[in-house]
Amino acid sequence: MSPTARIATVELVDGYTLTVDGRESARVEQAEITIEGGFVHVRVPGADVVQVVSAPGVRKLTY
């Protein structure tokens, strides 16, 4: 079964960041996410790579 991709706002706990426009950020809006085996796979708008965050690093996902 393939995970479902969703467009979401991602908020991370202190100490975790995503790279957004070349800067580190604990929050990103309109990211494409999938959840697999305790990890959130995040594609930031405009980026060609997927960043992976372990579930304990995620404060909130809103979609």
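Along the sequence shown, residues carry numbers from 1.
The side-chain contact (heavy atoms from CB on, under 4.5 Å) with Val10 is formed by just one residue from the set Val53, Val20, Leu18; it is Leu18.
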Please determine whether side-chain contact (heavy atoms from CB on, under 4.5 Å) holds for the pair Val58 and Leu12, giving the CA-CA distance in whole Å, both sets of side-chain angles, and the decisive distance to 0.1 Å. CA-CA 4 Å; Val58 178; Leu12 303 178; 4.2 Å; yes
Would you sort out whether Val50 and Val42 count as a side-chain contact (heavy atoms from CB on, under 4.5 Å), showing the intermediate values? CA-CA 5 Å; Val50 174; Val42 182; 5.8 Å; no
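For residues 8-22, the set of pairs meeting the side-chain hydrogen bond (donor to acceptor under 3.5 Å, both in side chains) definition, not counting sequence neighbours, comprises Glu11-Arg27, Thr17-Glu24, Thr19-Glu24. Applying the side-chain hydrogen bond (donor to acceptor under 3.5 Å, both in side chains) rule to pairs touching residues 30-47 yields nothing, sequence neighbours excluded.
To the nearest 0.5 Å, the span separating CD1 on Ile7 from OG1 on Thr62 amounts to 13.5 Å.
Legend: residues meeting side chain to side chain contact (heavy atoms under 4.5 Å, CB included) with Ile35, ordered by chain and number and at least two apart, are Val40, Leu61.
Closest approach of Pro56 to Val13, counting heavy atoms only: O-CG2, 3.7 Å. Across Pro45 and Ala31, no two heavy atoms sit closer than the pair CD-CA, 4.0 Å.
The hydrophobic cluster containing Val52, built from Ile/Leu/Val/Met/Phe/Trp/Tyr side-chain heavy atoms closer than 4.5 Å, also comprises Phe39.
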